[in-house]
Enquirer: 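This is the structure, below, for whatever I ask next.
Below, each value reflects all heavy atoms present in this structure, side chains not excepted, and no hydrogens, waters or symmetry copies. Being a predicted model, the structure only gives us computed values, none of them experimental. Throughout, a chain's letter reflects where its sequence line sits, starting with A, and its residues are numbered from 1.
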Amino acid sequence: MEILVCVKRVPDTSENEITVNRDGTDIEREDLVYSVNEWDNYAVEEAIRLRDTGGGSVTVVSLGPEETEEVIRREMAMGADKGIHLMDPVFEGSDGRGVAAALKAEVEKGNYDLVLTGAQADDGAGQVGGMLAAMLQWPFAALVNHIEMSGDGILKIGREIAGGNQEFSEIRLPCVLSIQTGINEPRYVGIRGIRKVASLEIPVHGTAELGIPPEAVGEVGAKVKRIDYFVPQLGDGAEILEGSQEEIIDKLIELLKSKGGIK
Amino acid sequence: MAQIFAYILHKDGVLDDTALELRAAGATLDPEAAVTAVVTGSAGDLEKVCKEAARSFDTVWKVENDALAYPNAEVIRPLMKRLLPKNSLVLLPHEHFGMDLAPGLSVALEAAYLPDSVAFEGMEGDVLKAVREEYSGMVRTHVRCNLSTGAVITLRPGAFAPDERKDKTGEIMDKTPEVFQEGLPEVPRRYLEMVEAEAGDVDITKSEVLVSVGRGIEEQDNLEMIQELAKAMGADVSCSRPIVDAKWMEKSRQVGTSGKTVKPKVYLALGISGSFQHLGGIKGSPFMVAVNKNPKAPIFQVADVGVVADILDFVPNLTEKIAESAK
Ligand SMILES: Cc1cc2nc3c(=O)[nH]c(=O)nc-3n(C[C@H](O)[C@H](O)[C@H](O)COP(=O)(O)OP(=O)(O)OC[C@H]3O[C@@H](n4cnc5c(N)ncnc54)[C@H](O)[C@@H]3O)c2cc1C
């Protein structure tokens, strides 16, 4: 199978405190640690496993600024065969639809049987995979946590639904699947692995190479636009225990006892 | 404003909790609007569901077919495309079904897609101002969504207070003949079966006190200190999703929308950021304590008591003190 995996470079929320800049136009980006979106990393691992058992190739594509190349290279170090970088100043301000439109053009340049995305990325929207499938008029399934070949041109997939239950279906290829975390255990990538792929060429495609009109992407093409960022104030918030650690622990034990938390 | 539709989820003849949240959200979009509930399914329970929906919505559009017995987004999407008038506004819950159906539906309808809204803040002409969350709930954003060519909007479950007045007597309209005029659409994804999650050794849905651990524990070996704390407290151990994804604990210990729904008296969250999918599994307003090294972690907004500390350092000391005080 020829597999394309769509990945995104995102600030690592478990490593960073995300704060809003002074005028609320963006998050504070200085000193942020970036990595590949967690869901996407599972998608790349799954693609590599499918290739290793069934043959074919894995291509990783990412849309974003210059630095995006880091994550493409990281996923190539994991075992992807090729990388493609979608970059064009007019992509700036794209909504999900714009990103999907660019990816659609890239998919159509290739000969893919399967496209994987993460179930969601840093904006929590979970939209690009489903939109891409609809644009290609390919079948789609969201939150996939199991994939196996099931006869010619058909995959058996599991989707994660409420309560950790799993919904099984058969889906026809070519299709787009959005991958849920936990589907596999992504392999570790060391510095060594990244060095190995350091000199591999990663083609850069903009709207010209993709053959899409600039109005289809970016701020102009967007129906959904972000106005500002802010930090929510929900309810009263927790009473933060202060003092030395010993004082905090004493207070906490007292509270837990009074609420029946210590038997 | 264009016509507003709410796609109603239901199971075993009962409306999903989100149905009445969609009603409330529809009224926020346009207080004058008559919101139409779209209910699809197979014979059996469908009539009952429609009658129930008619008590909360102005109109109910029913679509019945054996192929709709199980809600398969790949079947429902083309039917919705046939059914809905141009420029419709469609509301759905942002959960596993909505996430499957909605993005592609927006493309099929050539409409805007506004995913996972947590609040609406009014219209400016054709443009809706809404609130979303990004970065695991650490920040929120205001977004403008242009509704003039229609929109598909998914709502965070629980974010809109349900409108529980059963004050409507909506007309139930059978849209089946209209939708199936062209026959059943070709279905590229065939539903096979639903497999229930395995039961674990401990049923955390029955626990009164839970010590719950998240990604902040960093390494599998560190889980031991959590177990020791739980033992000292007489509590059960539960966890957030990344702990299960890493295969460090059983799926049956996971709290959240894709795990278990727990209703303890006391919930101690250790190194858990407080994503809505995690919090969605905690019911019954327990006394919640959060320990997190990040003072800005969203969990502190919902917890009763917070401790800003490194759990790797804090937990063993807490355990020791509890053990001492028990003597
Ligand atoms: C469809 C869907 C369903 C989902 N279902 C669920 C679900 O059922 N349950 C669930 O939990 N998640 C679920 N998730 C995942 C959810 O979005 C979050 O990714 C997850 O809850 C994060 O878990 P966490 O809080 O443990 O990790 P993180 O968000 O990474 O947070 C770790 C926290 O630990 C803190 N920390 C780090 N080190 C330390 C330390 N040494 N001491 C103290 N604090 C520390 C950090 O400050 C941070 O706040 C779902 C996601 C999707 C898309």
Enquirer: For chain B, which residues from residues 218-228 of chain A have at least one heavy atom closer than 4.5 Å to it?
Expert: A:K223, A:V224, A:K225, A:R226, A:I227, A:D228
Enquirer: I'd like to know if the side chain of B:N292 and the backbone of B:I272 have a donor-acceptor N/O pair within less than 3.5 Å.
Expert: yes
Enquirer: Is the ring pair A:F168/A:H146 parallel, tilted or perpendicular, if the boundaries are 30 and 60 degrees?
Expert: perpendicular
Enquirer: Are A:E170 and A:K156 within salt-bridge range, i.e. N to O under 4.0 Å?
Expert: no
Enquirer: Let me know if B:A111 has heavy atoms under 4.5 Å from chain A in its side chain, its backbone, both or neither.
Expert: backbone
Enquirer: Under 3.5 Å, side chain of B:R77 to main-chain N/O of B:D100, donor-acceptor pair present?
Expert: yes
Enquirer: Measure distances from A:A119 to the heavy atoms of chain B and classify the residue's part below 4.5 Å as side chain, backbone, both or neither.
Expert: backbone
Enquirer: For each of A:I171, A:T181, A:I253, A:L241, tally heavy-atom pairs with chain B at distances under 4.5 Å, and name the one with the top tally.
Expert: A:T181
Enquirer: At a heavy-atom distance under 4.5 Å, which candidate from B:N294, B:N146, B:D116, B:T149 has the highest pair count against chain A?
Expert: B:N294
Enquirer: Please classify the contact between B:Y135 and chain A as side chain, backbone, both or neither, with a heavy-atom cut-off of under 4.5 Å.
Expert: both
Enquirer: For A:L252, is it the side chain, the backbone, both, or neither that has a heavy atom closer than 4.5 Å to a heavy atom of chain B?
Expert: side chain
Enquirer: How close do A:R29 and A:P11 get, heavy atom to heavy atom, and via which atoms?
Expert: NH1-CG, 4.2 Å
Enquirer: Which pairs, with at least one residue in residues 103-114 of chain B and sequence neighbours excluded, count as a side-chain hydrogen bond (donor to acceptor under 3.5 Å, both in side chains)?
Expert: none
Enquirer: Could you report the tightest heavy-atom contact between B:M80 and B:L109, atom names first, then the distance?
Expert: O-CD2, 4.5 Å
Enquirer: Mind running side chain to side chain contact (heavy atoms under 4.5 Å, CB included) on B:D304 and A:L255 for me, showing each step along the way?
Expert: CA-CA 11 Å; B:D304 297 288; A:L255 279 166; over 6 Å; no
Enquirer: Would you check, one step at a time, whether the test side chain to side chain contact (heavy atoms under 4.5 Å, CB included) holds for B:S207 with B:V262?
Expert: CA-CA 8 Å; B:S207 304; B:V262 298; over 6 Å; no
Enquirer: Is chain A contacted by the side chain of B:Q277, its backbone, both, or neither, given a heavy-atom distance below 4.5 Å?
Expert: side chain
Enquirer: Show the nearest heavy-atom pair for residues B:V307 and B:F300, with the distance to one decimal.
Expert: O-CZ, 3.6 Å
Enquirer: Could you look at B:E186 and say if it's the side chain, the backbone, both or neither that has a heavy atom under 4.5 Å from chain A?
Expert: side chain
Enquirer: What part of B:A326 lies closer than 4.5 angstrom to a heavy atom of chain A: side chain, backbone, both or neither?
Expert: neither
Enquirer: Between atom SG of B:C239 and atom CZ of B:R253, what is the distance when rounded to the nearest 0.5 Å?
Expert: 8.5 Å
Enquirer: Counting heavy-atom pairs under 4.5 Å to chain A, which of B:V305, B:V308, B:V266, B:V209 comes out on top?
Expert: B:V305
Enquirer: CD of A:E92: more than 12 outside heavy atoms within 6.0 angstrom?
Expert: no
Enquirer: Using a strict cut-off of less than 4.0 Å between a Lys/Arg side-chain nitrogen and an Asp/Glu carboxylate oxygen, indicate whether A:R49 and A:E45 qualify as a salt bridge.
Expert: yes
Enquirer: Is it the backbone or the side chain of B:R215 that comes under 4.5 Å from a heavy atom of chain A, or both, or neither?
Expert: side chain
Enquirer: Can you tell me if A:E67 has over 12 outside heavy atoms packed within less than 6.0 Å of its CD?
Expert: yes
Enquirer: Using a 4.5 angstrom heavy-atom cutoff, name the option from A:M135, A:M131, A:K263, A:E38 with the most pairs to chain B.
Expert: A:M131
Enquirer: Counting only N and O atoms by type, is there a donor-acceptor contact under 3.5 Å from the side chain of B:D313 to the main-chain atoms of B:A309?
Expert: no
Enquirer: With chain A as the partner, which of B:A73, B:P295, B:A112, B:A232 has the greatest number of non-hydrogen pairs under 4.5 Å?
Expert: B:A112
Enquirer: Quick check: under 4.5 Å, non-hydrogen atoms only, which of residues 94-108 of chain A neighbour chain B?
Expert: A:R97
Enquirer: Where does A:K257 contact chain B at under 4.5 Å (heavy atoms): side chain, backbone, both or neither?
Expert: side chain
Enquirer: Determine whether the side chains of A:N184 and A:E46 contain a donor N or O and an acceptor N or O closer than 3.5 Å.
Expert: yes
Enquirer: Tell me, yes or no, whether the heavy-atom count around B:E324 atom CD, taken from other residues, nucleotides or ligands under 6.0 Å, exceeds 12.
Expert: yes
Enquirer: Kindly say whether A:V10 contributes a backbone atom to a donor-acceptor pair with the side chain of A:N37 at under 3.5 angstrom?
Expert: no
Enquirer: Given that the side chain runs from C-beta out, which part of B:V289 has a heavy atom under 4.5 Å from chain A: side chain, backbone, both or neither?
Expert: side chain
Enquirer: To the nearest 0.5 Å, how far apart are OG1 in B:T154 and CG in B:L101?
Expert: 10.5 Å
Enquirer: Nearest 0.5 Å, please: how far is CG in A:L116 from CD1 in A:I179?
Expert: 4.5 Å
Enquirer: Under 4.0 Å between a Lys/Arg side-chain N and an Asp/Glu carboxylate O for A:E160 and B:R241?
Expert: yes
Enquirer: Heavy-atom pairs under 4.5 Å with chain A are the metric here; pick the option from B:G256, B:C145, B:A246, B:S252 that has the most.
Expert: B:C145
Enquirer: With a 4.5 angstrom heavy-atom cut-off, is it the side chain or the backbone of B:K296 that approaches chain A, or both, or neither?
Expert: side chain
Enquirer: What part of B:A303 gets closer than 4.5 Å to chain A, counting heavy atoms only: side chain, backbone, both or neither?
Expert: both
Enquirer: Between chain B and each of A:W138, A:F230, A:Y229, A:Y42, count heavy-atom pairs under 4.5 Å; write down the option with the most.
Expert: A:F230
Enquirer: Which region of B:E196, side chain (C-beta onward) or backbone (N, CA, C, O), has a non-hydrogen atom less than 4.5 Å from a non-hydrogen atom of chain A, or is it both or neither?
Expert: both
Enquirer: Which bit of A:A141 comes within less than 4.5 Å of chain B, counting heavy atoms only: side chain, backbone, both or neither?
Expert: both
Enquirer: Based on non-hydrogen pairs under 4.5 Å, which of B:A197, B:P264, B:A290, B:P188 is most in contact with chain A?
Expert: B:P188
Enquirer: Going by side-chain contact (heavy atoms from CB on, under 4.5 Å), name the residues that satisfy it together with B:K11, two or more places apart in sequence or in a different chain.
Expert: none
Enquirer: In terms of heavy-atom pairs under 4.5 Å, which option from A:Q120, A:Q245, A:E185 contacts chain B the most?
Expert: A:Q245
Enquirer: Under 4.5 Å heavy-atom distance to chain B, tell me which part of A:I248 shows up: side chain, backbone, both or neither.
Expert: side chain
Enquirer: Is it the backbone or the side chain of A:I27 that comes under 4.5 Å from a heavy atom of chain B, or both, or neither?
Expert: side chain
Enquirer: Sort A:L143 into side chain, backbone, both or neither according to what part of it lies under 4.5 angstrom from a heavy atom of chain B.
Expert: side chain
Enquirer: Is B:Y70 close to chain A through its backbone or its side chain, or both, or neither, when contacts mean heavy atoms under 4.5 Å?
Expert: side chain
Enquirer: Going by the side-chain hydrogen bond (donor to acceptor under 3.5 Å, both in side chains) test, name the single residue among A:R159, A:Q180, A:Q166 that passes it with A:N145.
Expert: A:Q166
Enquirer: Which one wins on heavy-atom pair count under 4.5 Å against chain A: B:K129, B:K260, B:E95, B:K247?
Expert: B:K247
Enquirer: Less than 4.5 Å to any heavy atom of chain A: does that hold for the side chain of B:V143, its backbone, both, or neither?
Expert: both
Enquirer: Which region of B:V131, side chain (C-beta onward) or backbone (N, CA, C, O), has a non-hydrogen atom less than 4.5 Å from a non-hydrogen atom of chain A, or is it both or neither?
Expert: side chain
Enquirer: Does CD belonging to B:E124 count more than 12 external heavy atoms closer than 6.0 Å?
Expert: yes
Enquirer: Counting heavy-atom pairs closer than 4.5 Å to chain B, which one of A:I262, A:V231, A:D123, A:I183 comes out on top?
Expert: A:D123
